Number of protein chains: 2
Amino acid sequence: MNKDLSDRLRRHGLHVTAQRLAVLRAVSEHPHITADAVLDLAQAELGAISRQAIYDALNTLADKNLIRRIQPMGSPTRYEARVGDNHHHLICRICGRVEDVDCAVGAAPCLMPSDAMGYEIDEAEVIYWGRCPACQAQADMHNQT
Amino acid sequence: MNKDLSDRLRRHGLHVTAQRLAVLRAVSEHPHITADAVLDLAQAELGAISRQAIYDALNTLADKNLIRRIQPMGSPTRYEARVGDNHHHLICRICGRVEDVDCAVGAAPCLMPSDAMGYEIDEAEVIYWGRCPACQAQADMHNQT
DNA sequence: ATCAAAATATTGACAAAGTCCAGAATATCT
DNA sequence: AGATATTCTGGACTTTGTCAATATTTTGAT
């Protein structure tokens, strides 16, 4: 199982270290995880790892497109290992839950603006904002609707 | 000219204060402005205003939908007074410039996911990522393409 | 296996963006 | 005008993330 992760690192020209494996595993197993939660998981796995190592690894992995950053409003940066399929996100305004939503088109950029203003566009990121079922139910209880 | 801004505040049930007027004017006149820049403008206009008052005003105005927040990666939160037309944004990955792009559909949500997973969706936010003309030119110079 | 060079991790200080708190000041409504 | 609700001020604090110097580990060639 580590073999798979190690290979992914090596294939992208990165040294294989226990720290990076722990970070990559944490992100792979927990979609939309925050840096802080990665730190907790990695510390549990390795006994000790510095906060800086977490950020270094996350940034390196993101640069090499092994993982992807998402930065919803009002929440710290999150990371996911699902890359290359240009899917989108559905986020609850109340509790911040994030869901994956498949892109109808598949390849990036799946959408183009009416006027690109000379920009060279490589990605159209779509975030659907709303209320998740749980938060809807809770709001309804308060309203006694 | 202040009349207009004051009315907008009152119509949304907010007290009219010099601080809020200054903040609202700053955002109205400078699309995609940061909180920090708002502070500078407001201080220039009023002589003195606290950072806290800026954040209070920005948050209140955003809550009441008088202004809107945008949070591009790698840049502090930005604010714009153009609300209600559900337009989108075009952001340069290199220099962070932000442009407005009209939404082809017009009304929010202009787009719906293939599967809403029980969410009640009220907005589809689209961010186009790319390179602005200036950054393209600079990259080309380095490559001598 | 071993060693040197390059890459990576550790530690601790630091920075930016924003929030919390308690008391003072101000606007609105009657 | 006066009562009351709201807002402003100033400073401490939190969160998220980066910088820099030093130590350690990984890798590839002996």
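In this text, all values refer to a predicted model and were calculated from it rather than measured experimentally. Letters A, B, ... mirror the listed sequences (proteins, then strands); counts begin at 1.
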M117(A) versus D100(B), closest heavy-atom pair with distance: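 Closest approach of M117(A) to D100(B): SD-O, 3.9 Å.
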Short N-O contact, E123(A) and R68(A), less than 4.0 angstrom: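 A salt bridge is present here (some side-chain N lies under 4.0 Å from a carboxylate O).
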Salt-bridge present (E80(A), R78(A); N to O < 4.0 Å):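 Salt bridge between E80(A) and R78(A), a charged N being under 4.0 Å from a carboxylate O: no.
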Those residues of residues 27-46 of chain A lying under 4.0 Å from DNA chain C by at least one heavy atom: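 Heavy-atom contacts with DNA chain C come from no residue of residues 27-46 of chain A; none.
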What are the atom names and distances for every N/O pair under 3.5 Å that joins the protein to nucleotides 25-30 of chain C?
{"unit_1": "dT28(C)", "atom_1": "OP1", "unit_2": "V16(B)", "atom_2": "N", "d": "3.2"}

Gap separating the CG atom of L39(A) from the OG atom of S50(A), nearest 0.5 angstrom: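 Going from CG on L39(A) over to OG on S50(A), the span is 8.5 Å.
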Quick check on [N]: is either OP1 or OP2 less than 4.0 Å from any side-chain nitrogen or oxygen of [X]?
X: N59(A); N: dG17(D); value: no
X: Y55(A); N: dT18(D); value: no
X: T77(B); N: dG18(C); value: yes

Sugar-phosphate only, base, or nothing, as touched by Q52(A) at under 4.0 Å among non-hydrogen atoms: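 Base contact - Q52(A) has a heavy atom under 4.0 Å of at least one base atom.
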Pair of N/O donor and acceptor under 3.5 Å linking dG18(C) base with R51(B) side chain: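 Side chain to base: pair present.
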Partners passing side chain to side chain contact (heavy atoms under 4.5 Å, CB included) against A44(A) (at least two apart in sequence or in another chain):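 Result, side chain to side chain contact (heavy atoms under 4.5 Å, CB included) vs A44(A): none returned.
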